Amino acid sequence: MTRAFDTMPGEDEEGTSTVAGETHQLQIPISRVKKIMKLDQDINKVNSEALYLIASSTELFLELLAEKSAQVALEKKRKTIKLDHLRVAVKRHKPTSDFLLDSLPMPSQPLDRSPKVQSRPRSSTDNPLPSGTRRIEAFFQKCT
């Protein structure tokens, strides 16, 4: 059985494409990109050229995002890229911030290192249960 929509002319099964004598190996699995595209109910079939172009443009976008985030991390003298670095990189790149900034999780708030007042531990009976449900403790109790 052939996979008509997973590869395009000049491309093999792994996503390698030969265009004008140059070879380009995709790092993103084409089959996963196709599955993600098909999650949209409006899409029934995926053209192999469109699939390749979307996978390739996704790789380029992720490379740009990683490079910009790494640049921010280096500016802050960090070796590890964190969410805050990604948010700054997205904010600096206007076309990206227009659609991506709202999708990123909010940065974590710094923890207060002051000693906290010891609160009493929560009891499993503090919160009322919705009707028709039981607590897990009831499952583990011995039947008598």
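All values derive from a computational prediction rather than experimental measurement. In this chain, residues are counted from 1 in sequence order. Because only heavy atoms are used, hydrogens play no part in the values below, and waters and symmetry mates are left out as well, while side chains stay in.
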Q | Heavy-atom closest contact (Ser56 atom, Leu26 atom, distance) | A | CA-CD2, 3.8 Å
Q) Looking at Val88, Val90, Ile81, which one forms a side-chain contact (heavy atoms from CB on, under 4.5 Å) with Ser69? A) Ile81
Q. Do the side chains of Lys38 and Lys35 get nearer than 4.5 Å, heavy atoms only?
A. no
Q: Please round to the nearest 0.5 Å and tell me the distance separating atom CD1 of Ile54 and atom CD1 of Ile30.
A: 10.0 Å
Q | Nearest heavy-atom neighbours spanning Val33 and Ala55 | A | CG2-CB, 4.0 Å
(Q) On a heavy-atom basis, which atom in Ala73 and which in His85 lie closest, and how many Å separate them? (A) CB-ND1, 3.7 Å
**Q.** Shortest non-hydrogen contact between Val72 and Arg92, atoms and distance
**A.** CG2-NH1, 3.6 Å
(Q) As an exercise, state the distance from OG1 of Thr96 to NZ of Lys91, rounded to the nearest 0.5 Å. (A) 14.0 Å
Q.
Once rounded to the nearest 0.5 Å, what's the spacing between atom CE of Met37 and atom CG of Leu51?
A. 6.0 Å
Q) To the nearest 0.5 Å, what is the distance between CD (Glu59) and CD (Glu63)? A) 6.5 Å
Q: Tell me, with the steps shown, if Leu100 and Phe61 meet side chain to side chain contact (heavy atoms under 4.5 Å, CB included).
A: CA-CA 12 Å; Leu100 188 60; Phe61 174 72; 4.0 Å; yes
Q.
Within the structure provided, determine whether Leu64 and His93 are in side-chain contact (heavy-atom separation under 4.5 Å).
A. yes
Q) Would you call Leu86 and Leu65 a side-chain contact if the rule is heavy atoms closer than 4.5 Å? A) yes
(Q) One pair to check against side chain to side chain contact (heavy atoms under 4.5 Å, CB included): Ile28 and Leu62. What are the steps and the verdict? (A) CA-CA 10 Å; Ile28 296 176; Leu62 290 175; 4.3 Å; yes
Q) Are Ile36 and Leu53 connected in a single hydrophobic cluster, I mean Ile/Leu/Val/Met/Phe/Trp/Tyr linked by side-chain heavy atoms less than 4.5 Å apart? A) no
Q.
Any non-hydrogen side-chain atom of Lys34 less than 4.5 Å from a side-chain atom of Arg32?
A. no
